[in-house]
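The structure appears right after this line, and notes come after that.
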Amino acid sequence: MSALKIYNTLKRKKETFKPLVDGKVGLYVCGMTVYDFCHVGHARVMVVFDTVARYLRYSGYEVKYVRNITDIDDKIIARAIEANEDFNTLTKRFIDEMHQDEAALHAHRPDLEPLATESMGSIISMIEVLIEKQHAYVGSNGDVYYSVESFEGYGKLSGRELDDMNAGERVEVDAAKRNPFDFVLWKPAKADEPSWASPWGEGRPGWHIECSAMSTDCLGNHFDIHGGGMDLQFPHHENEIAQSEAATGECFVNTWMHNGFVRIDDEKMSKSLGNFFTVREVLKKYRGEEIRFFVLSSHYRSPLNYSDEQLNEARSALERLYTALRNIQPLDNDEASDFVRRFEEAMNDDFNTAKAISVMFECANELNKLKTTEPVQAAKMAADLLAMAEPLGLLTQDPEEYLQSSTGTDEGLASEQIEAKINQRLQAKLDKDWGLADQIRDELKQQGVMLEDAGKETTWRRA
RNA sequence: GGCUGAGUGGCAGAGUGGUUAUGCAGCGGCCUGCAAAGCCGUGUACAGCGGUUCGAUUCCGCUCUCAGCCUCCA
């Protein structure tokens, strides 16, 4: 069996994964800033790292999966003022909405979800250490800044030199900074803004410091894997390294993982471009598992183009897998199956879910063939298929229930109505009234219900 | 300007120095009252130009095109 390899952004290559402590993995992922609904880009992060955590556990590791929640920042304050509500009320609401989306996507909750507002103690003490070690200073405007020039390795994650970057190209450089790339660790609060007491007066933390503080709090100074979206590589993760390593004097993270963007029409989906779909919107038309499949159908580092066609394909694909599992009682396989071996090989190669899924399809094909001839073999095949699906968080539902579940928020025809129609059609079939039988089938098809005759039985599913 | 990454069959999307990805769609067949599902068969794909090689889609160089980061963003 092959060893797990992970692409490490820091090294720009795949490396054989070796945890700091045998059998255990510390995983930290930058989570959401909670002032709005999650969009499909956020869904990708949730699904990708849920799959990483699942597969690590499947491989036998004891995983501590931490994903923070940024519940204080400028946008949150602005949105709270707009909505005329307390910022805490606003963030609590969207944390709850996020968890609903996460559940719909069949993603497990992380083991820990630290909040920035509940981590002020460690944030402040880390800033104190940074000032003490002269990696940070108080600017003329009262802001506390990190001095990028004080950290030798600055730029090592994103592969850039301070001199090569175009400071001020798009944004005015703050005069209080020693170097244009110095960033805020703590900023004083304006009147009426939420604030916390600190040695530098009432204020709130900068964005980057919270992740350094929370990850260290939960996983220690040095841990295994840190993940997030590609766009966080610079400056966010670069700054985290600078803060943490300067403060602790230790290596911060061994493996950095970054997932690619979701795109629309070959353009990054983002809040600033306004070209995003919320998970909530997509769930109106598609099942959560279909979104999950769509995310996993390409490699996590590749761009993922969002479109209805893609979601429709995910729907067909899942339909095929669930159909294969229908009417079969899985039987655990004691022998190591070749499919499972190949599946693991694919996953061990930097979580190649696309390839792993292709193995599942081959397994489903075999299962379909064996169904009629070798029921015992087929039952074992079904167990294999489910074994592979588990770390991907797929095929977790009862096949019949899945196939008959509504394909979005819109419920459609009630099951009882469908059953009644089917009975009516069965009578027509007995009467050999093919015209009526076909008419009923067509009518149901119009309503998104597909009928399938299998002998004397008729089954149905929603598509 | 600096730095990343990418260009695969009708679509999506893996992968490989010489042999089948996989899914969807299409075509032909089996099954079916007819369908659907399933099964079987079927497609001279690897941006362009050079180079290395017995042989390159796969390695190297150049060109073109696209995306991302250098501001908040997953």
Side-chain angles (χ1 to χ4, degrees), chain A residues 9 12 29-33 38-49 67 73-75 155 158-173 180-181 183 207 227-236 238 258-263 266-273 276 293-294 297-299 301-305 307 309-310 312-321 323-324 326 342 346 349 352-362 364-365 367-369 371-373 403 429 432-435 437-438 441-442 445 450-455 458-461 463:
Chain A
T9 309
R12 258 158 268 281
V29 174
C30 288
M32 268 51 86
T33 302
C38 292
H39 63 228
V40 182
H42 298 120
R44 190 175 195 188
V45 179
M46 292 196 266
V47 168
V48 162
F49 287 100
R67 190 184 58 206
D73 91 321
D74 292 355
K75 282 178 182 157
S158 49
R160 56 189 88 206
E161 304 287 334
L162 280 170
D163 296 344
D164 291 341
M165 293 191 282
N166 280 348
E169 177 90 338
R170 294 192 286 172
V171 163
E172 199 72 23
V173 174
F181 288 99
F183 52 91
W207 176 37
M230 218 92 173
D231 43 2
L232 298 185
Q233 206 176 306
F234 189 90
H236 186 56
E238 193 69 65
H258 292 99
N259 64 275
F261 297 127
V262 176
R263 296 187 193 172
D266 285 326
E267 201 172 40
K268 177 185 172 183
M269 176 186 289
S270 76
K271 295 210 171 174
S272 31
L273 289 170
F276 62 89
F293 187 96
F294 158 67
S297 64
S298 75
H299 186 91
R301 284 189 285 117
S302 307
L304 181 61
N305 234 3
S307 69
E309 288 76 21
Q310 293 271 65
N312 289 338
E313 277 211 22
R315 170 166 296 172
S316 310
L318 271 177
E319 219 168 73
R320 179 166 163 80
L321 294 176
T323 302
R326 206 153 52 161
R342 286 170 53 216
D349 184 11
N352 192 336
T353 52
K355 195 175 183 183
I357 285 172
S358 80
V359 177
M360 288 171 61
F361 278 104
E362 290 182 48
N365 175 253
L367 166 54
N368 282 330
K369 278 191 270 189
K371 243 179 181 173
T372 46
T373 54
L403 291 167
K429 282 179 65 174
K432 299 214 190 293
D433 185 349
W434 307 127
D438 292 353
R441 189 169 59 195
D442 288 345
K445 191 177 174 184
M450 309 294 287
L451 296 192
E452 291 165 0
D453 294 334
T458 294
T459 56
W460 64 274
R461 62 189 163 84

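We name chains A, B, ... by the order of the sequence lines, and we start the count at 1 in each one.
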Gap in Å between the two [atom1] atoms, one belonging to [N] and one to [M], rounded:
{"N": "B:rA36", "M": "B:rG26", "atom1": "P", "result": "10 Å"}
{"N": "B:rC69", "M": "B:rG61", "atom1": "P", "result": "26 Å"}
{"N": "B:rG23", "M": "B:rG15", "atom1": "C1'", "result": "15 Å"}

Original post:
Looking only at side-chain N and O atoms, does A:Lys268 come under 4.0 Å of OP1 or OP2 in B:rC69?
Top reply: yes
Original post:
Is any side-chain nitrogen or oxygen of A:Lys445 closer than 4.0 Å to OP1 or OP2 of B:rA35?
Top reply: no
Original post:
Dot-bracket for RNA chain B, 5' to 3', with Watson-Crick and G-U pairs under 3.5 Å, [ ] for crossing pairs and | for other-strand pairs: what is it?
Top reply: (((((((..(((.....[...))).(((((.......)))))....(((((..]....))))))))))))....
**OP:** Decide yes or no, distance alone: a donor-acceptor N/O pair under 3.5 angstrom between the base of B:rC72 and the side-chain of A:Lys75.
**Re:**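 Side chain to base: pair present.
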Original post:
Any side-chain donor-acceptor pair under 3.5 Å between A:Asp453 and A:Thr458?
Top reply: yes
Subject >> Residue pair A:Ser158 / A:Gln233, side-chain donor-acceptor N/O under 3.5 Å >> reply: no
Mind checking [X] for me? I need base, sugar-phosphate or nothing, with any heavy atom below 4.0 Å counting as a touch.
{"X": "A:Met269", "result": "base"}
{"X": "A:Asp266", "result": "sugar-phosphate"}
{"X": "A:Asp163", "result": "nothing"}

**OP:** Tell me whether the guanidinium CZ or amine NZ of A:Arg160 lies under 6.0 angstrom from the six-membered ring centre of A:Phe234 and within 45° of its axis.
**Re:** yes
Original post:
Rounded to the nearest 0.5 Å, how far does CZ of A:Arg326 lie from CD of A:Glu319?
Top reply: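 One finds 9.0 Å between CD of A:Glu319 and CZ of A:Arg326.
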**OP:** Find the distance between OG1 (A:Thr353) and CZ (A:Phe293) and round it off to the nearest 0.5 Å.
**Re:** 9.0 Å
Original post:
Okay, side chain of A:Arg44, backbone of A:Phe261: is any donor-acceptor separation there less than 3.5 Å?
Top reply: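 Yes, because the side chain of A:Arg44 sits within donor-acceptor range (under 3.5 Å) of the backbone of A:Phe261.
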